[in-house]
Amino acid sequence: MPPGILAHMRRGGVLAAALAAAGCGSLPAYRTPKAAEPARSPALAEPPAGRVVQVGAGPEGVAADPRSGRVAVALHEPPTLALLRASDGAVVRRVPLPGAARHLQLARPGGPFLVPAETANQVVEVMPDGTARPPRPTGAQPHDATAAGGRIFAGDERADTVTVLGEERFRVARQPGGLAPVEDGRQVAVVSVRDRVIELYDARSLRRTARANAGVGPTHVVSDGRETLYVTDTAGDALLVFRTRPRLELTRRVALRTAPYGIALDTRRRRLWVTLTGTNRIVKLWTNGPRTVANLASVRQPDTVAVDETTGRAFVTGRADGVLQLLDPADRRPRTR
């Protein structure tokens, strides 16, 4: 391990976590540090960029459908999925959920939205018009769900498993926190936040094909759909870039201070959006590098972000104040302090 990285880990007080993940196996749960969490955001120091609309209590998960022009936001109190117009952020429908959700994904353009109802151990598929399919059971506390190879996969955070909806369940590394399809849906990437690793699984056979260390405290992952994965290392203040071919490996680490957490990818414009929960900021990066294009003031507690690839508009949840932030791609205001 390079001396510079070792020094950074010591300063952050997380050397033990990194060494645990670096071994050939896993330490017992009682010896493994807890998974990384978003920072508790301070009061706003400046007005958020773009437009801010009220959406409801405890918004966290968000996903955008470019075909219908709808944005889905998961609300905690009561558990509800709010469906909004992407054009102006107006709520057009509210769909009751069996349990609270923290993260959402869009299965494909046109829907459905995949809603992991963590407190009910179920995943609900909701179409952009608000039509909901019957909930399907998962393991304990489904944190994230994704579509790959014609199947839907849900990461069971408290069971250390991934559920293939309506089919079976298989073991993964401890506490799966983020899932993404890769290689045109032939594989599924799973970031396990307790073991601090990223794993690849064949979407048909469910066999693990690769595993790599994923930083100090990874939380979420997005994919370009082909061979590139982007992981937020929340405890390590970094964005990690992985390639899956010819083998799964870390190719770049980009420093992003103050607990990066939410992440979204605009493949059409080759832009990444990453929230910094420790300072109420959101950074926009060009995937070539990646390098920062803009650093903007966000809403308070910006835990999740989504992007509409038709317009390039980004949507950021402000959990502390029950709001949603709308940011257009032309907004390039730099950080001024």
Heavy-atom donor-acceptor pair, [X] side chain to [Y] backbone, under 3.5 Å:
{"X": "D303", "Y": "T317", "value": "no"}
{"X": "R281", "Y": "T279", "value": "no"}
{"X": "D65", "Y": "G110", "value": "yes"}
{"X": "K284", "Y": "L296", "value": "no"}
{"X": "T234", "Y": "P38", "value": "no"}
{"X": "T277", "Y": "P302", "value": "no"}
{"X": "N213", "Y": "G215", "value": "no"}
{"X": "R171", "Y": "A159", "value": "yes"}
{"X": "D160", "Y": "Q175", "value": "yes"}
{"X": "Q301", "Y": "A39", "value": "yes"}

Decide yes or no for [X] and [Y]: does some side-chain heavy atom of the first lie under 4.5 Å from some side-chain heavy atom of the second?
{"X": "V216", "Y": "D237", "result": "no"}
{"X": "R271", "Y": "W286", "result": "yes"}
{"X": "R194", "Y": "P33", "result": "no"}
{"X": "V307", "Y": "V305", "result": "no"}
{"X": "T275", "Y": "V316", "result": "yes"}
{"X": "V222", "Y": "L229", "result": "no"}
{"X": "P176", "Y": "H143", "result": "no"}
{"X": "Q325", "Y": "R51", "result": "no"}

Write down the atom of [X], the atom of [Y], and the distance for their closest heavy-atom approach.
{"X": "A145", "Y": "P116", "answer": "N-CG, 3.9 Å"}
{"X": "A117", "Y": "G99", "answer": "CB-O, 3.5 Å"}
{"X": "L106", "Y": "G111", "answer": "CD1-CA, 3.8 Å"}
{"X": "N280", "Y": "S41", "answer": "OD1-CB, 3.0 Å"}
{"X": "V71", "Y": "A64", "answer": "CG2-CB, 4.2 Å"}
{"X": "R70", "Y": "V92", "answer": "NE-CG2, 3.6 Å"}

Below 4.0 angstrom, N of the basic side chain to O of the carboxylate: do R313 and D328 qualify?
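Result for this pair is yes, salt bridge flagged.
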
Checking [X] now: which residues fulfil salt bridge (charged side-chain N to carboxylate O under 4.0 Å, His left out) with it, not counting sequence neighbours?
{"X": "R133", "answer": "E125"}
{"X": "R208", "answer": "E199"}
{"X": "D233", "answer": "none"}
{"X": "R300", "answer": "none"}

Should side-chain heavy atoms under 4.5 Å link Ile, Leu, Val, Met, Phe, Trp and Tyr, which residues sit in the same cluster as V162?
F153, V164, F170, V172, L179, V188, V190, Y201, L206

Worked check of side chain to side chain contact (heavy atoms under 4.5 Å, CB included) between F315 and D308
CA-CA 8 Å; F315 304 88; D308 181 337; 4.0 Å; yes

Would you kindly say whether [X] and [Y] are connected by a side-chain donor-acceptor distance under 3.5 Å?
{"X": "T267", "Y": "E309", "value": "yes"}
{"X": "D195", "Y": "S192", "value": "no"}
{"X": "D202", "Y": "T209", "value": "no"}
{"X": "Q105", "Y": "T146", "value": "yes"}

Mind checking the [atom1]-[atom2] spacing from [X] to [Y]? Nearest 0.5 Å is all I need.
{"X": "R257", "Y": "N295", "atom1": "CZ", "atom2": "CG", "value": "11.0 Å"}
{"X": "D144", "Y": "H103", "atom1": "CG", "atom2": "NE2", "value": "6.5 Å"}
{"X": "F113", "Y": "M127", "atom1": "CZ", "atom2": "CE", "value": "9.0 Å"}
{"X": "S223", "Y": "L265", "atom1": "OG", "atom2": "CG", "value": "8.0 Å"}
{"X": "R174", "Y": "R196", "atom1": "CZ", "atom2": "CZ", "value": "9.5 Å"}

With [X], which residues qualify under side chain to side chain contact (heavy atoms under 4.5 Å, CB included), at least two apart?
{"X": "L239", "result": "Y230, V254, L256, I263, L272, P290"}
{"X": "L75", "result": "V55, P59, V73, T80, A82, R94"}
{"X": "Q141", "result": "R102, E118, E157, R158"}
{"X": "E227", "result": "E183, R243, T244, R245"}

With [X] via side-chain hydrogen bond (donor to acceptor under 3.5 Å, both in side chains) - residues at least two apart:
{"X": "T232", "answer": "T219"}
{"X": "D321", "answer": "none"}
{"X": "D156", "answer": "T161, T163"}

Do [X] and [Y] sit in the same hydrophobic cluster, where Ile, Leu, Val, Met, Phe, Trp and Tyr count as joined when their side-chain heavy atoms come under 4.5 Å apart?
{"X": "I152", "Y": "V124", "result": "no"}
{"X": "L81", "Y": "V62", "result": "no"}
{"X": "L248", "Y": "V221", "result": "yes"}
{"X": "V231", "Y": "L250", "result": "yes"}
{"X": "V274", "Y": "Y261", "result": "no"}

Test log, rule side chain to side chain contact (heavy atoms under 4.5 Å, CB included), inputs L326 and V53
CA-CA 8 Å; L326 286 63; V53 298; 4.1 Å; yes

